[in-house]
Student: 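The structure is given below, and queries will be raised subsequently.
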Amino acid sequence: MSTLFERLGGEGAVDAAVDIFYRKVLTDDRISHFFEGVDMAEQAKKQKAFLTMVFGGPNNYSGKDLRAGHAHLTGLDDSHVDAVVENLGGTLQELGVPESDIAEVAAIANSVRDDVLNR
Amino acid sequence: MASLSIQYGGEPLAINAGESLLDAALRQDVAIANSCRNGVCQTCLVKVTAGAVPPAAQKSLSPQQRKQNFALACQLKPELAIEVVPLGAEAQSSAEVVGHELIAENILSLKLKTTLPWEAGQFVSVWKDQNTARPYSIVSREEDGLIECHVQKHSQGKVSRWLHDDVSLGSVVTLSGPSGSCFYDASMSGKNLLIIGSGTGMGALYGIAREALAQRHQGALAVYHGTRMGQAPYLMSEFTALMGSTDQLQASVFNYRPDNPSDEIAKLVKREYPSLQNWCVFLCGSPKIVQSLQRQCFLQGASLTDIHSDPFITRPL
């Protein structure tokens, strides 16, 4: 029985997804303003770490990191997390990932919702 | 706030939760040389001699550096009582100044004789004393035989003023590096290159363009040279000469206003390059131009891995 991360294609899948996903995020009016003025190269690394986590791969993310990383974003609420999860699903659809695996990725993303929203 | 006691250079040092080794040291008047404080320039390189190295402190280091337990003090946020020592001679080398010439107003061409390997577009840190170093991009190709850097004199710049005024031909200076990943690689050969910069950032881009042509680059090279309104474009005659040697390269000047430097060039890129899919982009110079163009080029289809930029953010002193 292969793991989610293996089925998605491991690190190669993260590399393939990061451009598509981050471009969706930056052009999504609901959330793009949170990324104004951030350093792209630094953000790209963070996006890769995030995708590795939600793809079920090895990662060093802790709840504490996620809280600290989002604490400065005023006005961040459930609707923004919903938008991110939606963009994630759209990315995986473009890459031809089956719906059952997309649901599993969305479940992992939703499992850190409270950390991201600091509650 | 919880604080942790670690050993730095054999002495105890208190670090607050979430604080970097560099910030803790500077707060307590312990000197650690530093420059960018963003995990890029490697000026604050240290070595962990006991305890585990947090991965974040090694993220931008080479596999060789990681193996030696090197870490960046500005990114090192210890959670356990580790032991760290400053990196002395082992990461440094010395080089003789064999060229020292003003090539434009306030811009010094510094040529250094060294046995270190490098790529045009990488950077080398030059040490004024054991606590003060600044990174400079390398303009020359390795085939040229000498490391050449273009040093802009800043009125408050400790290292740039020293290099301009006190260092001269025959001086021996201390270097660390070269490092950095903003350089031409043979795997880019089939792609078109979009090269945009300003100020002394154009020096590194000139080296990158020469390297690409020397490696028989197949695609086109489109160069945009940013110049502050009313100033003469530095290195433009060199780019013009390069343009005369091949049809592949087109160089043009754009003017920018200091209050909104990226406005005009971002619009130009949007208009002239509707799809940057499969292009390689090189960006060096004003941080505002670099950051804004990183985003613009990415949104127009360039892959994150194909956008290479000069990583230095000028920090207020």
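Numbered from 1 within each chain, the chains take letters A, B, ... in sequence-line order. Any value given below was found using the heavy atoms of this structure, including those in side chains, with hydrogens, waters and symmetry copies removed.
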Student: Looking at every non-hydrogen atom in both residues, tell me the closest pair between B/S35 and B/T43 and how far apart they are.
Tutor: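 Scanning both residues completely, I find the closest heavy atoms to be CB-OG1, 3.7 Å.
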Student: Could you list which of residues 266-276 of chain B have a heavy atom closer than 4.5 Å to any heavy atom of chain A, in residue-number order?
Tutor: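 Residues of residues 266-276 of chain B touching chain A at under 4.5 Å: none.
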Student: Any chance you could measure B/Q294, atom CD, to B/H308, atom NE2, to the nearest 0.5 Å?
Tutor: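 The CD atom of B/Q294 sits 11.5 Å away from the NE2 atom of B/H308.
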Student: By the side chain to side chain donor-acceptor pair (under 3.5 Å) test, which pairs, at least two apart or in different chains, include something from residues 88-105 of chain A?
Tutor: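 As it turns out, the side chain to side chain donor-acceptor pair (under 3.5 Å) pairs with a partner in residues 88-105 of chain A, which skip direct neighbours, are A/R7-A/D101, A/R7-A/E104, A/K24-A/E94, A/Q93-A/E99.
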Student: How about B/F298 and A/Y22: are their ring centres within less than 6.0 Å of each other?
Tutor: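 Aromatic pair counts; centres sit under 6.0 Å.
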Student: Using non-hydrogen atoms only, which part of B/A302 is less than 4.5 Å away from chain A: side chain, backbone, both, or neither?
Tutor: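 Answer is backbone: N, CA, C or O of B/A302 sit under 4.5 Å from chain A.
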Student: When rounded to the nearest 0.5 angstrom, what is the spacing between NE2 in B/H225 and CE in B/M202?
Tutor: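 Rounded to the nearest 0.5 Å, the NE2-CE separation comes to 4.5 Å.
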Student: Does anything in residues 75-119 of chain A pair up under ring pair (Phe, Tyr, Trp, His ring centres under 6.0 Å), and if so which pairs, sequence neighbours excluded?
Tutor: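 Those involving residues 75-119 of chain A are A/F34-A/H80.
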Student: For B/K288, is it the side chain, the backbone, both or neither that has a heavy atom under 4.5 Å from a heavy atom of chain A?
Tutor: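 Contact with chain A is absent: no heavy atom of B/K288 under 4.5 Å.
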Student: Tell me, please, which residues at least two apart from A/D19 pass salt bridge (charged side-chain N to carboxylate O under 4.0 Å, His left out).
Tutor: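 For A/D19 there are no salt bridge (charged side-chain N to carboxylate O under 4.0 Å, His left out) partners, ignoring immediate neighbours.
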